[in-house]
2 protein chains.
Amino acid sequence: MPRRHDPERRQRIIDAAIRVAGRDGIAGLSHRTVAAEADVPLGSTTYHFATLEELLVAALRQANEGFGKVLAELLPDGGRGDLAADLARALGEWLGGDRTGVELEYELYLAALRRPALRPVAAEWTDQAAALLARRTDPVTARAVLALMDGICLQVLLTGGSYDEEYARTLLTRLIP
Amino acid sequence: MPRRHDPERRQRIIDAAIRVAGRDGIAGLSHRTVAAEADVPLGSTTYHFATLEELLVAALRQANEGFGKVLAELLPDGGRGDLAADLARALGEWLGGDRTGVELEYELYLAALRRPALRPVAAEWTDQAAALLARRTDPVTARAVLALMDGICLQVLLTGGSYDEEYARTLLTRLIP
DNA sequence: AACCGTTGTGTACGCTCGTACACATGGGTT
DNA sequence: AACCCATGTGTACGAGCGTACACAACGGTT
């Protein structure tokens, strides 16, 4: 009976949940699949997260934190360049390579549509992102830019199309006064 | 054994699936729940739709058709007024009352993120909506407006916030040249 | 009228699921 | 050193699931 007294058990389970959701989607999440991925017994996942929704909340929060760091690096405090171009380029990099991570983060985010428990976390995320963007523009524009970028990403991801950076830059420029 | 030889059996099942998904979300869809809602035996749903994904495709297509009609009425061919104001008002009406239908349509639409089989249907929908919008503006702007409206709706639906029509009108005005 | 393929029906199998619960263990407190 | 509670483990139960399949009924074709 190895690994008794595992002080990072909880974190290990969250990481496993993110891997499972990235591979099989939220639909693939269950106490058992997460337990197997984390290599812990079934009872351990149910002990730390009584319901799957609790686990989802923790996973979404962690995914948001990771992406927040990326965004913070992209938007250093003193930046002064062409914001629209910077954002369009960032979207291109984000959507360019392997989309597994992108799909995971969007799926967790969109899950809030049907799960009220996730909505506060989703709101935290948009607030945080808007605050970061507001370092380069006004708050109203920041939220608008977020909305437009969400919409552009969705059009690409949902229809299976390809991302056009020049197109995105043009539209963002229109929106930023 | 009533209702043998039911020529509208297939349609009845699709309608039932939409009701179930509206009430319990896509997660609540199963051959059995749909069969119960449609008041047909289990074998009947599996006969007409071998997989749940087939049923999802049919449901999404039908939901899109309904919403397309609404949009077509909103954007009559000869319209000449303030497009941004019209769209902002339409969003307000759509999001204003009971959001069950809104959530259903978005959930079906967003399901394409993880289900490639739904992506062509999602693409059909955006193409159709863009074509309708293009009667009042240019094609590029039409797609941009769609993206922004999607993003605004998501911010409202995902964070549990309220819709601000004046805010939406302002942003749409910026985007429409 | 005979036939046959589409459509409709009922049931059973094996699987995964959430949940519950009894028991083991070990570290921190007293 | 004794104790206790948070933590960890293993197993079992009942429910719902997709799927498969044998059989029934019906309508169009011949």
Side-chain angles (χ1 to χ4, degrees), chain A residues 1-60 62 104 107-108 111 114-118, chain B residues 1-60 62 107-108 111-112 114-118:
Chain A
M1 50 213 74
R3 203 181 304 120
R4 291 275 321 195
H5 180 54
D6 177 354
E8 302 175 18
R9 175 65 59 91
R10 192 185 157 88
Q11 184 60 46
R12 204 187 310 282
I13 292 173
I14 296 176
D15 293 340
I18 287 182
R19 286 196 301 275
V20 170
R23 190 196 319 126
D24 305 325
I26 291 180
L29 278 186
S30 76
H31 282 129
R32 283 174 174 82
T33 56
V34 172
E37 175 73 28
D39 191 29
V40 299
L42 167 63
S44 192
T45 60
T46 66
Y47 174 76
H48 286 282
F49 302 93
T51 70
L52 281 182
E53 206 149 86
E54 279 183 33
L55 185 50
L56 265 185
V57 169
L60 175 56
Q62 181 156 316
L104 164 66
E107 191 181 10
L108 285 173
R114 282 293 190 175
R115 300 173 209 250
L118 294 187
Chain B
M1 51 214 73
R3 203 182 305 119
R4 291 280 319 197
H5 180 53
D6 178 353
E8 301 176 19
R9 174 64 60 94
R10 192 185 157 88
Q11 184 59 46
R12 204 188 310 281
I13 292 173
I14 296 175
D15 293 340
I18 287 183
R19 286 197 300 275
V20 170
R23 191 196 318 126
D24 305 325
I26 291 181
L29 276 186
S30 76
H31 282 129
R32 282 174 174 81
T33 55
V34 172
E37 175 72 28
D39 192 29
V40 300
L42 167 63
S44 192
T45 59
T46 66
Y47 173 76
H48 286 282
F49 302 93
T51 71
L52 280 182
E53 205 150 86
E54 279 183 33
L55 186 50
L56 265 185
V57 169
L60 175 55
Q62 181 156 318
E107 193 182 9
L108 286 173
R114 282 291 190 178
R115 300 174 210 250
L118 294 187

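All chains are named by letter (A, B, ...) in the order of the sequence lines, taking the proteins before the strands, and each is independently numbered beginning at 1.
In this structure, the nucleotide among C:dA12, C:dT19, D:dC17 sitting nearest to the side chain of B:Leu42 is C:dA12. Comparing C:dC17, D:dG8, D:dG18 by their closest approach to the side chain of B:Arg32 singles out D:dG18. Side-chain proximity of A:Ser44 to C:dT19, D:dG18, D:dT9: nearest is D:dT9. Among the nucleotides C:dT7, C:dG18, D:dT9, the one closest to the side chain of A:Arg9 is D:dT9.
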Applying side-chain contact (heavy atoms from CB on, under 4.5 Å) to B:Thr33 and B:Arg23, what does each step give before you reach the verdict?
CA-CA 11 Å; B:Thr33 55; B:Arg23 191 196 318 126; over 6 Å; no

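Residues A:Ile26 and A:Arg115 have side chains in contact (heavy-atom distance under 4.5 Å, counting atoms from C-beta outward). No side-chain heavy atom of B:Ile13 sits less than 4.5 Å from a side-chain heavy atom of B:Arg10. A 4.5 Å side-chain heavy-atom check between B:Gln62 and B:Asp15 finds at least one atom pair inside the cut-off. Under the 4.5 Å side-chain criterion, counting only non-hydrogen atoms from C-beta, A:Ile14 is in contact with A:Phe49.
With rounding to whole Å, B:Leu29 atom CG is found 10 Å from D:dC17 atom P. Across the protein-nucleic acid pair, A:Leu56 atom CG and C:dG18 atom P stand 11 Å apart, rounded to whole Å. For the pair B:Asp24 CG and D:dC17 P, the computed distance is 11 Å after rounding to whole Å. Rounded to whole Å, the distance from OH on A:Tyr47 to P on D:dA6 is 7 Å. Atom pair A:Arg10:CZ and D:dA6:P shows a separation of 15 Å (rounding to whole Å applied). Between the CZ atom of B:Phe49 and the C1' atom of D:dG18 there is a distance of 16 Å, rounded to whole Å. Rounded to an integer number of Å, the gap from CG of B:Asp39 to P of C:dG8 is 14 Å. Straight-line distance from the CD atom of B:Glu54 to the C1' atom of D:dG18: 14 Å, rounded to whole Å.
Side-chain nitrogen and oxygen atoms of B:His31 include none within less than 4.0 Å of the OP1 or OP2 phosphate oxygen of D:dG16.
Residue contacts shown for A:Ser30 are limited to sugar-phosphate atoms, with no base heavy atom under 4.0 Å away. Within the 4.0 angstrom heavy-atom criterion, only backbone atoms of the sugar-phosphate kind lie near A:Thr33; the bases stay farther away.
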